[in-house]
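Chain identifiers are assigned alphabetically (A, B, ...) following the order of the sequence lines, protein sequences preceding nucleic acid strands; residue numbering begins at 1 within each chain.
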2 protein chains.
Amino acid sequence: MRLNQTFVSDATGTRDRILDAAERLFAEQGFYITTLREITHAASVNLAAVNYHFGSKQALVIAVFRRRLDELNTERLTRLDQAFAKQTPPVLEDVLDAFVYPALALMGDGHAGGHRFMQLLMRAYADPDEALHGAIREEYGYIMRRFADALIEAASSEHDAKPSWPADQIRQQLDFLVGALTYTMADAKLKHPRATASALVRFAAAGIRGVSQTKYATDFKEELS
Amino acid sequence: MRLNQTFVSDATGTRDRILDAAERLFAEQGFYITTLREITHAASVNLAAVNYHFGSKQALVIAVFRRRLDELNTERLTRLDQAFAKQTPPVLEDVLDAFVYPALALMGDGHAGGHRFMQLLMRAYADPDEALHGAIREEYGYIMRRFADALIEAASSEHDAKPSWPADQIRQQLDFLVGALTYTMADAKLKHPRATASALVRFAAAGIRGVSQTKYATDFKEELS
DNA sequence: GTCTATACAATGATAGAC
DNA sequence: GTCTATCATTGTATAGAC
């Protein structure tokens, strides 16, 4: 597959040029405002080429997304492995670092491209498009399982007596972290991304450690809806 | 102001009918997919009525938003006052409850309208539209200040000796909470909203309490970007 | 002041020639 | 694989009726 590169064609293929242009424009302006004509003009290709290569604008969005998300999550897994190599079971903060830091690394030092990608990610979460949702979930499913397992190991090892950490609770707390990370990093006015990421790791670690020890229970009237 | 109700007109005014229809359709489908023709058809008004009453589709989005957000934040302030009435300085969990619970209350028991409003809120955060951003910030600014102050009071009172809680840190942690709340509640597959909200309050309380005591410091290479 | 009918430029998408 | 031509639909603007 993917042999659609002709010998007499341009330096880079049409498909890749579309992806690059779309990524930049989506980041700058958002999905809907950006028109296919803008993209194809910036990529110096014909308007119909988008529909030929990707099928629709929606599919192009997903393709752009998948590429970056792959990169982000690969980096996360690498760092997770390093955390385990350093110590097994790993330190809780190291696991959280492995999840948070790569998102930060996308913030290309002053280029401010990172904020925009986080905004894109947030847009994808909030988007009513189910196909886009599905693609994200698919891309994230494995990562979330790996990190949830790692967090359970790390947290459980701190409590000598306790047999195991409630898995559902950890998964829920990982969701809290994803929300906090995405929301905070998407903020265009964020001043010190590194300090913020560091604070988030400490906050999440304290939250995970503290919940099991908390005596105070905030019970809403009914527990199940 | 707002006396645009004629005696021979329909039961409800044109303006309100547009708002109601737009709110429902935006929630179901999102901002961009929903057309003005859909809205005006559902509201049984003329297409041009939208531009007459609101000026643009963008302005309509903001108007729909402001109405619900007002309601949400008023309820939050009421509960915050109750927390202070019960005990001053208030209990940390009570303050967090006052912020989290009203978002939950929007989830009209089975009607599932709450998830959708939270999705709408997330969409608004992620939207590249600066006018919408500005309207949200304006609506939220006062609330965030009030809750940040309350959290500082609550947290500081727990540490007898320590003079005051770092204000910037609390504000940052409040942002973490907003992100986690919005992301989690927007999830369409959320099973037990009440239990989740309760867990979030405990998580955030532990996070806030724990950070100051944490010895482990996750320092990224450089602290300032 | 409110509302309606209508027109307009720009959009995503598609068919068919090359 | 690529391009030109064309389509229905979109948000918006305007002129004029009540």
### Message
Counting the atoms with a prime plus P, OP1 and OP2 as sugar-phosphate, which does B/T34 contact under 4.0 Å by heavy atoms, base, sugar-phosphate, or nothing?
### Response
sugar-phosphate
Can you check the [X] [atom1] to [N] [atom2] distance for me, whole Å?
X	N	atom1	atom2	result
A/R37	D/dT4	CZ	P	13 Å
A/L47	C/dG12	CG	C1'	8 Å
B/D16	C/dC3	CG	P	11 Å
A/N51	D/dT4	CG	C1'	15 Å
A/Q29	C/dT11	CD	P	11 Å
A/Q58	C/dG12	CD	C1'	12 Å
B/L60	D/dT10	CG	C1'	15 Å
B/L36	D/dT10	CG	C1'	9 Å

Can you tell me if the side-chain N/O atoms of [X] get under 4.0 Å from OP1 or OP2 in [N]?
X	N	result
A/T14	D/dT2	yes
B/Y52	C/dT2	yes
B/H53	C/dG1	no

Compare the minimum distances between each of [options] and the side chain of [X], then state the nucleotide with the smallest one.
X	options	value
A/N46	D/dT4, C/dA13, D/dT12	D/dT4
A/A48	D/dC3, C/dA13, D/dT2	D/dC3
A/T35	C/dT11, D/dT12, D/dG11	C/dT11

### Message
Measuring from atom OH of A/Y52 to atom OG1 of A/T14, what distance do you get when rounded to the nearest 0.5 angstrom?
### Response
10.0 Å
#### Entry: Passing option when B/T196 is tested against B/D187, B/L181, B/L190 for side chain to side chain contact (heavy atoms under 4.5 Å, CB included)
B/L190
### Query
In terms of side-chain heavy atoms, does A/D127 have a donor or acceptor partner in B/Y32 at a distance below 3.5 Å?
no
### Query
Is there a donor in the side chain of B/S198 and an acceptor in the side chain of B/R194, or the other way round, less than 3.5 Å apart?
no
### Message
Taking the ring of B/Y183 and the ring of A/Y125, is the distance between their centroids below 6.0 Å?
### Response
yes
